[in-house]
Structures are given as structure tokens and as C-alpha cells.
Amino acid sequence: MTTLMLDGTLLAAVDLGSNSFRLEVGRYAAGHVERVQYFKEMVRQGAGLDEQGLLTADAMQRGWDCLARFAERLKGFPAAHVRAVATQTLREARNSDVFIQRANQILGYPISIISGPEEARLIYQGAAHSLPPSDERRLVVDIGGRSTELILGQRYTSQRVASFPVGSVAWSLRYFPQGEFSKSALKTAQIAAQAVMEEAAHHFVPGSWDCAYGTSGTANAIADVLALHGGQPDVVTREQLYWLCEQLLAAGNASQLRLEGLKEERRAVIGGGVTVLCAVFDLLQIKELRIASGALRQGLLRDMVQHEEFSDIRHRTMAALKERYQVDRTQAGRVQRTAATLYEQARRYAGATEPATLQSSMLDWASQLHEIGCLISHTDHHHHGAYVLGHSDVPGFTQTELSHLAALVLAQRGKLRKVDSFLEDRDFALELLCLRLATLLCHARRDPALDQICLRDKTEKWSLKVAPGWAEQFPQSAYLLEEEVLAWQKTPYAFQFKQALSTAAK
């Protein structure tokens with residue numbers, strides 16, 4: 001049973017951004033999260049993508065070194081109180097799995113690559129909780145190193161989210177590679193950013209928000225400079241932004257730019273940041289952008305609190321997906337209960353005493369959504385269901401989790417070699433076995449006799465044992481189980497199906 005978070009609980013959020021890696025430690029108190037410590041390192045991983053879309057060895061090493069330092073501070077934190085996410089650079093990098101695998105080991109906590117829309121949702125959570133309570137409609141703009149997120153929302157609920165692959169690092173590398181500023185380069189960079197974000201003009205129209213807010217590095221850095229040159233603190237106006245463009249032109253090169261308030265670490269990416277923000281101002285006809293102190297890290301911390309307080313966004317997402325794709329809720333519940341029973345039987349037999357929260361949750365969600373593709377095709381629903389999960393914007397889920405769920409749904413029936421890479425993880429293999437057995441045992445869309453079935457997890461194999469006479473009572477299920485035995489023979493795992501002997505036979 002989930003319990004409410006206790007006052008004084010320490011939480012930690014790790015943000016592997018394209019420009020900086022950040023660690024924020026907060027203390028939960030009376031429904032709020034107060035900052036305890038904040039660490040930031042300019043890793044510049046976004047600048048370490050080569051022409052083939054691969055992270056260079058140096059870029060990966062910079063990231064690993066930083067995470068080793070973060071790991072020292074996180075030592076002793078319970079896994080449930082740490083959330084680590086990666087954003088656009090690792091979404092793009094073709095070898096992100098290489099980086100993440102070692103990064104997980106170094107940090108000591110799992111790092112999830114989140115989608116752009118999920119990043120936007122979390123950014124809004126962080127921004128909204130840093131602002132005074134209000135019914136105003138808000139536009140939140142977050143320009144990162146390689147992506148820009150736009151969010152419309154009210155109070156603590158985001159209503160429309162979008163993510164675009166434009167950012168301060170990417171645009172600086174592309175349009176100001178030597179740090180040189182010219183009128184044509186600034187104009188080209190701004191037009192290019194507007195072209196990428198063009199569809200935002202149709203979904204984030206003027207009048208759909210009362211106040212616009214900027215978050216994170218780019219907006220904060222620009223606001224800090226403007227405030228020291230006659231501007232209002234924590235506000236960016238259109239006129240001031242174009243004044244800043246004139247200062248870039250006057251300097252001619254980033255190395256020659258001398259502006260009070262501009263930190264050295266921001267100098268190399270200021271050109272890209274300014275032109276992307278100009279593009280957003282013009283595209284959405286923004287006149288004034290206020291600064292909100294909260295963003296992705298604070299959103300991660302709030303998300304952990306919300307999970308504890310029974311408002312898990314993922315449960316709402318599950319309900320919405322089942323409604324949208326007209327899932328048979330009775331059958332979904334039947335398969336969910338069966339899979340959960342088998343999973344717990346196997347774990348108890350293997351001697352497990354602690355609840356497997358993450359693994360059982362993944363199995364639970366996959367069970368609920370195993371027929372999500374039936375609206376498209378009954379005969380091939382597992383393929384369509386996997387595609388839907390792998391290509392949808394699903395609030396509350398990371399890309400890693402969605403890949404995991406999609407693989408479970410895909411392999412719920414048919415040959416197992418299509419998920420060979422996932423089967424390297426024995427925990428995943430057990431989840432998949434339980435899901436396949438559950439769909440098999442519920443094939444007649446009736447509750448199976450679970451009191452006559454027991455799944456055992458032995459070191460060398462899995463074994464499903466049924467009560468005497470069960471096979472005669474359920475011949476179709478028995479036949480399907482024999483077929484399942486054959487399917488697992490083509491994997492590194494062994495699965496047996498056997499019927500207990502009756503007293504007379506003994």
C-alpha cells in the first residue's frame with residue numbers, strides 16, 4: 001500500500017541536459033519541496049554529437065565524470081526518491097544506449113530518456129509550482145541546448161505541449177560555428193528556427209494565454225543581462241531582445257562580447273539562444289516574457305511527490321488510453337489479475353520478500369493495454385498495440401518505459417525472437433512469460449481457475465504446475481501451454497508445463 005510522504009524526506013532530481021548536467025536535492029515539507037542543494041556542471045554533451053549522430057568518446061566521458069561526482073552526493077538515497085532523466089541530445093544520439101548503460105552503473109540509479117512532450121509536461125509542473133497560485137492561462141517557453149518546449153496550461157495542469165529540435169547549443173554550432181555574428185547569420189538562424197517551429201503558430205495562438213513565462217538557462221541568462229542594462233528584473237521584452245541582437249552585432253564575435261551579467265559559460269551559446277528566443281517572440285507574437293524559477297528538475301521532484309499523494313499521472317494516462325482505444329476493460333482486468341498472480345507466485349517461490357514495484361507496475365500496465373491494438377485489427381492487434389505505444393505521446397512515461405511496454409505488448413503472442421534484445425534481461429523475460437500465460441489462460445474470456453495453477457521460478461527454469469485433472473477440464477488451455485513450452489525452447493530460458501499427479505496415481 002502506498003503511504004503519504006513524510007515531512008523531511010529528501011528527494012533528488014538529475015537532469016542530463018544538452019548543455020549542462022544538474023542535480024537538485026529537495027526536502028519535502030507540508031506539501032512543498034524546498035531546495036537543499038543544487039549542483040550544475042557544463043558538460044556540453046550537445047556539442048559532442050558528430051555528423052553521424054554519434055556521441056564522441058570525449059562527450060561521453062565528460063558525462064560519466066560528472067555523474068560520478070553526482071553519485072557521491074546521492075549515496076544512500078532510496079531508489080524511489082531519485083529520478084534521473086536525459087533529454088534531447090540522448091534522444092538524438094544513435095549510441096545513447098552505450099552512454100546510458102555505463103551511466104546507470106556510475107550514478108547508481110536508472111536514467112530514463114524522456115520524450116519531448118514528457119519533458120514539456122514536467123517543465124510545466126516545475127514552472128507552475130514556482131509561481132503564485134493563479135487562474136491565469138500560462139504559456140511556458142523553455143529553450144534548452146538542443147530542444148525548445150512550449151506549453152499552455154492553467155494552474156498545475158498542462159493542456160497543450162510541444163517540443164521542437166532547436167536550441168542554444170544546436171543553433172550556435174550550426175549558424176555561428178566560429179562565434180562570428182553578422183546580420184545575415186542572425187537573420188538566417190532566426191528564420192530557420194521559425195521554420196522548424198512553424199506549426200506552433202497554429203496551436204499556440206495569441207489570446208490563448210494571459211501571461212508568458214520563460215524557464216531554464218537561455219531565458220534566465222538573457223533576463224540577467226537585460227536587468228543589468230536597464231531592464232526590469234526577471235522580464236524580457238521584444239525591444240530589449242532586439243537591443244541584445246545589436247550588441248552581438250557590435251561585438252562581431254562571441255569571444256569579444258562584453259556584457260555585464262553574461263557568464264563565461266554562456267558566451268559560446270548566446271548567439272543560438274538569442275536567435276531562437278527571437279523566433280519564438282515573433283512566431284507567437286509575444287510582447288513580454290516573465291521568468292519562472294522552476295523547470296524540469298522541479299517538475300521531477302513534484303512528480304515524485306504526486307506519485308506518493310495518489311495523483312500519479314500514469315494512472316490517468318492508462319484510463320485515457322483504454323477509453324480512446326475502446327479496450328475491453330473486463331478482459332483487461334482479468335488478464336491483469338492473472339498476470340499479477342503468476343508473477344507473485346514465481347517471485348515467492350524464488351524467495352523474494354520485497355515487492356517488485358517497478359517490474360510489477362510494467363507488467364500491470366502492459367496487461368491493461370495488451371488489447372489496445374484491437375481497435376485497428378483483431379488478428380494482428382499485438383503489432384498495432386506495440387506501434388501505438390512506441391509512437392504516441394504518453395504523459396507520465398519515459399521513452400525507456402514505453403519501449404519496455406511496447407515490447408511486452410508485441411511479444412504477448414507469437415514468436416519470441418522479435419524481442420531478443422529485451423530477453424537479455426531475465427526480469428523482462430519473467431514479466432513476458434506471465435503476460436503470455438495470462439492471455440493464454442484467459443483466451444476464452446473467462447476467469448481462469450487460479451487456485452489450481454502455480455508458477456514456480458527455479459534457478460534453471462520456470463515451471464507451471466496445475467492441479468490433477470486440470471488438463472482434462474481445460475483441454476484447449478492445456479494445448480496452448482504445450483505450444484508455449486515449444487516457444488521458450490528457442491530462447492535462453494526453459495519453461496515447463498506439468499500436471500500434478502492425483503492421489504490415486506501416486
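Predicted model, so just to flag it, every value in this text is computed and none were measured. Just the heavy atoms: all of them, side chains too, but no hydrogens, waters or symmetry mates, feed the values below.
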Q) Without hydrogens or angle criteria, can the side chains of Thr215 and Asp142 be said to hold a donor-acceptor pair below 3.5 Å? A) yes
Q: Measure the shortest side-chain to side-chain distance between Arg22 and Val14 over non-hydrogen atoms and say whether it is less than 4.5 angstrom.
A: no
Q | Closest heavy-atom pair and its distance - Thr87, Gly17 | A | OG1-CA, 3.6 Å
Q. Between Asp97 and Gln101, does any side-chain donor sit less than 3.5 Å from a side-chain acceptor?
A. no
(Q) Using ring centroids (six-membered ring only for Trp), state whether Trp171 and Phe176 fall under 6.0 Å. (A) no
Q. Going by atom types alone, do Gln399 and Arg91 pair a side-chain donor with an acceptor below 3.5 Å?
A. no
Q.
Rounded at 0.5 Å granularity, tell me how far CZ in Arg73 sits from CZ in Phe70.
A. 12.0 Å
**Q.** Exam field: side chain Arg297 to backbone Glu24, donor-acceptor pair closer than 3.5 Å
**A.** no
Q.
Against Leu289, only a single residue in Val235, Val280, Leu277, Val140 fulfils side-chain contact (heavy atoms from CB on, under 4.5 Å); can you say which?
A. Leu277
**Q.** Salt bridge Asp135-Arg155, side-chain N to carboxylate O under 4.0 Å
**A.** yes
**Q.** Backbone of Ile286 reached by a side-chain donor or acceptor of Arg238 within 3.5 Å
**A.** yes
Q) Taking 4.0 angstrom as the limit, do Glu72 and Arg69 come out as a salt bridge? A) no
(Q) I'd like to know if the side chain of Asp303 pairs up with that of Gln125 as donor and acceptor (distance under 3.5 Å, no hydrogens or angles considered). (A) no
Q: Using a 4.5 Å cut-off on heavy atoms from C-beta on, say whether the side chain of Val82 contacts that of Leu107.
A: no
(Q) Using only atom types and a distance under 3.5 Å, with no angle test, would you say the side chain of Arg62 pairs donor to acceptor with the backbone of Val43? (A) yes
**Q.** Distance-only donor-acceptor check, side chains Arg102 and Gln105, under 3.5 Å
**A.** no
Q) Between the side chain of Tyr124 and the main-chain N/O of Val161, is any donor-acceptor distance below 3.5 Å? A) no
Q. With a 4.5 Å limit on heavy-atom distance, are the side chains of Phe99 and Leu67 in contact?
A. yes
**Q.** Straight-line distance of Ile143 CD1 to Glu149 CD, nearest 0.5 Å
**A.** 10.0 Å
Q.
Donor-acceptor check, side chain of His202 to backbone of Glu199, threshold 3.5 angstrom: yes or no?
A. no
**Q.** Pairwise side-chain contact, Asp457 with Arg426, heavy-atom cut-off 4.5 Å (strictly under)
**A.** yes
Q. Sub-3.5 Å donor-acceptor pair from the side chain of Ser130 to the main-chain atoms of Ala127, do we have one?
A. yes
Q: For salt bridge (Lys or Arg N to Asp or Glu O under 4.0 Å), just list the numbers for Glu323 and Arg329, CA-CA rounded to whole Å, side-chain angles, deciding distance to a tenth of an Å, and then say yes or no.
A: CA-CA 9 Å; Glu323 180 71 24; Arg329 293 173 182 267; 3.4 Å; yes
**Q.** Any Ile111 side-chain heavy atom under 4.5 Å of Leu90 side chain
**A.** no
Q. Mind checking whether Glu119 and Ser147 have side chains closer than 4.5 Å, heavy atoms only?
A. yes
